[in-house]
Amino acid sequence: MIKLMKTTALAMGVALVSFAAPIPAGAQDMELRIGPDGVRPVIRDRDRDVDRRGPPRMRGCSEREARAAAREAGLRDPEVVRVTPGRVVVKGFTRRGPDRITFANERGCPEI
């Protein structure tokens with residue numbers, strides 16, 4: 001009889017706590033990875049993931065974009081010789097000889 005009363009009290013206590021303080025599910029904080037070493041749980045920490053990414057990068061004129069823009073402007077064998085926060089300088093050759101073009105270090109590489 002005492003065992004039945006203990007079990008009933010325990011069940012009522014669990015039911016009461018589950019209704020009084022609902023806890024949100026943390027299913028997105030854990031994932032299961034299956035690999036050659038078997039199945040292993042990986043617990044993700046959202047705060048750590050945010051800190052690792054850092055602030056968003058400011059996109060400017062990359063060296064590859066600057067060389068492509070210089071080729072479109074008529075330079076052969078373009079080479080980026082200087083990159084500053086405000087501009088990108090590209091040297092190359094035209095029909096007349098060596099030449100250089102300066103682009104603004106902004107998205108789209110506008111010519112200065």
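Values in this document were obtained by computation on a predicted structure and should not be read as measured data. Hydrogens, waters and symmetry mates play no part in the numbers below; they use all other heavy atoms, side chains included. If you read the sequence from its start, that first residue is 1, and numbering goes on from there.
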(message) Run R33 and V39 through side chain to side chain contact (heavy atoms under 4.5 Å, CB included) and show every step you take.
(response) CA-CA 6 Å; R33 290 196 182 165; V39 178; over 6 Å; no

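- Salt-bridge formation is not detected for the pair R96/D99: no Lys NZ or Arg NE/NH1/NH2 atom is positioned less than 4.0 Å from an Asp or Glu carboxylate oxygen.
- Atoms CD and CD, on E111 and E72 in that order, are 11.0 Å from each other to the nearest 0.5 Å.
- For D77 (side chain) and F93 (main-chain N/O), no donor-acceptor pair under 3.5 Å exists by modelled atom type.
- Taking 4.5 Å as the limit, some side-chain heavy atom of I112 sits within range of a side-chain heavy atom of R87.
- The local environment of CG in D37 is crowded, with over 12 non-hydrogen atoms from other residues, nucleotides or ligands closer than 6.0 Å.
- When all heavy atoms of E65 and C109 are compared, the pair lying nearest together is CB-SG, 3.7 Å.
- Between E63 and V83 there is a side-chain heavy-atom pair separated by less than 4.5 Å.
- Counting only heavy atoms from C-beta outward, the side chains of F103 and V90 approach each other to under 4.5 Å.
- How far CG of L75 is from OG1 of T94: 7.0 Å, rounded to the nearest 0.5 Å.
- Side-chain contact between V88 and T102 is absent, with no heavy atoms from C-beta onward closer than 4.5 Å.
- Distance CZ/R82 to NZ/K91: 10.5 Å, rounded to 0.5 Å.
- Taken from SG in C61 to CZ in R107, the straight-line distance is 12.0 Å, to the nearest 0.5 Å.
- Atoms CE and NZ, on M1 and K6 in that order, are 13.5 Å from each other to the nearest 0.5 Å.
- Taking every heavy atom of both residues into account, I101 and A73 meet most closely at CD1-CB, 3.6 Å.
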